[in-house]
Trainee: 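Quick one: this structure, given as structure tokens, is what I'll be asking you about.
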Amino acid sequence: MISSEHLDELMICRLDTERRTVEPCSIVIFGASGDLTARKLIPALYHLHQEGLLPEEYRIIGFARSEKTDASWRTELEEALTRFSRSKSVEKESWAEFSSKVHYCRGDIDDAASFKKLKDLVAGFGAGPLSHNLLFYLAISPSHFALAVGQLCRAGLICRDDPHGWQRVVVEKPFGHDLVSARELNRELTQHAHEHQIFRIDHYLGKETVQNILTFRFSNAIFERLWSRDCIDHVQITVSESLGVGRRGGYYEEAGALRDMVQNHILQVMSLIAMEPLDAEPIRNEKVKLLESIRPIPPDLVSQMVVRGQYRAGTLNGKPQPAYRDEPLVKPGSNVETYAALKLHVDNWRWSGVPFYLRTGKGLPMSASEVRIQFRPTPHVLFAARCGPKLDANSLTVRLQPNEGITLRMNGKVPGTSMQIRPVRMHFSYDAEFGAYTPEAYERLLLDALAGDATLFLRRDEVEAAWSLVDPIRTGWEGRDLSEAEFYTAGTWGPKPADELLARAGHAWREPQPLERTDTPTPH
Ligand code: BG6
């Protein structure tokens with residue numbers, strides 16, 4: 001007899017057959033001494049190598065200011081792999097092979113001679129694809145993005161039309177700090193490279209669970225039919241983090257929660273949740289349409305539609321957490337928000353009248369990202385008439401991380417001789433279904449950039465549309481010091497006005513729940 005797992009295997013629809021192959025190439029990482037390289041980029045490349053997903057022939061070059069040799073950088077990376085890679089270990093044979101392809105180039109972004117040196121190094125790989133197919137990863141300060149690309153162009157390392165190969169640039173976030181600077185950066189980058197050579201990364205799009213949003217919506221007929229104002233009351237998107245800003249105070253003082261998380265990750269998740277079915281059009285067109293149909297919040301309405309907050313000293317995971325204002329590199333009287341909650345409306349046929357509540361914060365009780373689709377209650381007859389607001393409306397929670405999965409919450413009869421109703425759940429868990437292995441977001445994204453597939457990267461107009469939504473909110477906050485009500489104690493779910501934002505419409509935040517716990521309905 002065929003087991004059910006075997007049957008599931010037989011039913012897999014393999015859609016990757018059209019995936020482009022990765023040609024032999026060289027990958028140059030600018031910012032090679034930084035955290036991102038050690039924690040994410042090198043582990044991702046190493047795992048791709050281990051799984052045989054990189055081409056037979058490739059090179060990795062680290063470019064940074066610190067004095068290092070190939071050998072000393074390799075030793076650092078080996079140590080980083082044991083600390084940060086998902087396998088937390090290095091396999092001797094594959095490391096030997098991988099590390100033999102790793103090189104280091106000491107250089108300065110503002111020094112043309114450093115780029116000449118880089119060019120010579122790359123040329124040393126021969127006249128073939130290793131010196132023509134080049135992926136440049138900019139893991140550097142955003143203020144250097146345009147300069148780096150300009151230098152690459154002047155050194156002849158990036159060409160707009162190279163008959164011998166391809167060159168691509170991966171740009172980390174933040175992409176600008178407002179609409180004007182993002183437009184300027186786009187203008188500067190496209191002076192030297194075509195739009196199709198620029199890969200603006202948002203690592204949320206590389207997460208399995210985020211990619212699954214589209215699969216879930218558009219490969220299941222039962223849910224898509226419910227996916228509109230007819231059945232959905234409101235949507236909540238929560239991205240909470242239990243840590244404070246730690247060593248990133250300097251960066252965070254310039255960013256704040258709105259720029260750091262809402263402008264990119266959360267709006268991306270929202271656009272996948274709310275966009276129209278793809279039909280023949282590429283995903284990115286649909287995401288832009290959705291972002292453009294979100295009603296901007298004018299500065300004078302910001303206080304009604306947006307809540308900001310900043311954590312005070314408290315306790316996180318049983319440990320004392322200092323106030324944001326006391327974190328290293330943070331100004332003592334800083335008004336930067338470590339929390340933001342927004343109410344957004346989408347002005348289109350599908351979503352008219354359905355609020356989307358978005359929130360994110362540091363120093364919250366747990367790290368969890370999830371989308372909760374809250375369905376409308378049943379008509380006020382039969383059980384609803386007797387139970388009143390105690391009868392929970394159905395909801396569907398897409399858990400992006402941790403406990404990756406999807407839960408449908410409905411009502412059921414408590415077994416017994418009396419008539420009692422309470423919420424019950426149906427869970428899909430990635431771990432239970434597929435085992436614990438999930439590739440890191442950067443693995444998928446690096447592979448796509450190497451293959452020249454930009455679907456999971458942000459297009460110029462997408463980034464600009466997102467800034468157009470965030471800028472007026474910042475304008476509304478400008479010059480206003482944080483009020484007493486806007487502070488929250490680290491380890492709690494944010495400032496009080498965030499609850500009031502929902503309560504005004506008869507709604508309430510649902511806290512992400514550890515899977516094993518039975519969540520209780522929040523009374524409306
Ligand atoms: C980054 C932000 O883009 O995303 C960080 O700059 C944040 O502040 C991080 O902590 C969250 O990513 P993840 O994958 O841990 O949810």
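Owing to the predicted nature of the structure, the values given are computational and were not obtained by experimental measurement. The residues of the chain are indexed from 1 along the displayed sequence. Keep in mind that the numbers below use all heavy atoms, side chains included, and drop hydrogens, waters and symmetry copies.
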Trainee: Once rounded to the nearest 0.5 Å, what's the spacing between atom CD of Q263 and atom CG of L469?
Mentor: 9.0 Å
Trainee: Can you list the residues that meet the side-chain contact (heavy atoms from CB on, under 4.5 Å) rule with A257, with sequence neighbours excluded?
Mentor: Y252, E337, A340, T360
Trainee: For residues L130 and E57, determine if any side-chain heavy atom of one lies less than 4.5 Å from a side-chain heavy atom of the other.
Mentor: yes
Trainee: I would like to know whether Y58 and F125 meet ring pair (Phe, Tyr, Trp, His ring centres under 6.0 Å); could you show each step before the answer?
Mentor: CA-CA 10 Å; Y58 70 90; F125 300 148; over 10 Å; no
Trainee: Verify ring pair (Phe, Tyr, Trp, His ring centres under 6.0 Å) between F216 and F218, making sure each step is shown before the conclusion.
Mentor: CA-CA 6 Å; F216 177 76; F218 301 133; over 10 Å; no
Trainee: Does some side-chain heavy atom of R325 sit less than 4.5 Å from a side-chain heavy atom of F487?
Mentor: yes
Trainee: Can you confirm whether the side chains of E370 and Q236 place a donor and an acceptor under 3.5 Å from each other?
Mentor: no
Trainee: Nearest 0.5 angstrom please: E464 CD to F175 CZ, how far?
Mentor: 8.0 Å
Trainee: Does the side chain of L358 reach to within under 4.5 Å of the side chain of L267, using non-hydrogen atoms?
Mentor: yes
Trainee: So among M426, H427, R510, which one has a side-chain contact (heavy atoms from CB on, under 4.5 Å) with R409?
Mentor: R510
Trainee: On a heavy-atom basis, which atom in Q310 and which in S334 lie closest, and how many Å separate them?
Mentor: NE2-O, 3.0 Å
Trainee: Report the distance from atom CD1 of I373 to atom CG of L396, rounding to the nearest 0.5 Å.
Mentor: 6.5 Å
Trainee: Between S94 and Y46, do the side chains contain a donor N or O and an acceptor N or O under 3.5 Å apart?
Mentor: yes
Trainee: Would Y137 and F30 count as a ring pair (Phe, Tyr, Trp, His ring centres under 6.0 Å) here? Give the steps.
Mentor: CA-CA 6 Å; Y137 199 110; F30 289 94; 10.0 Å; no
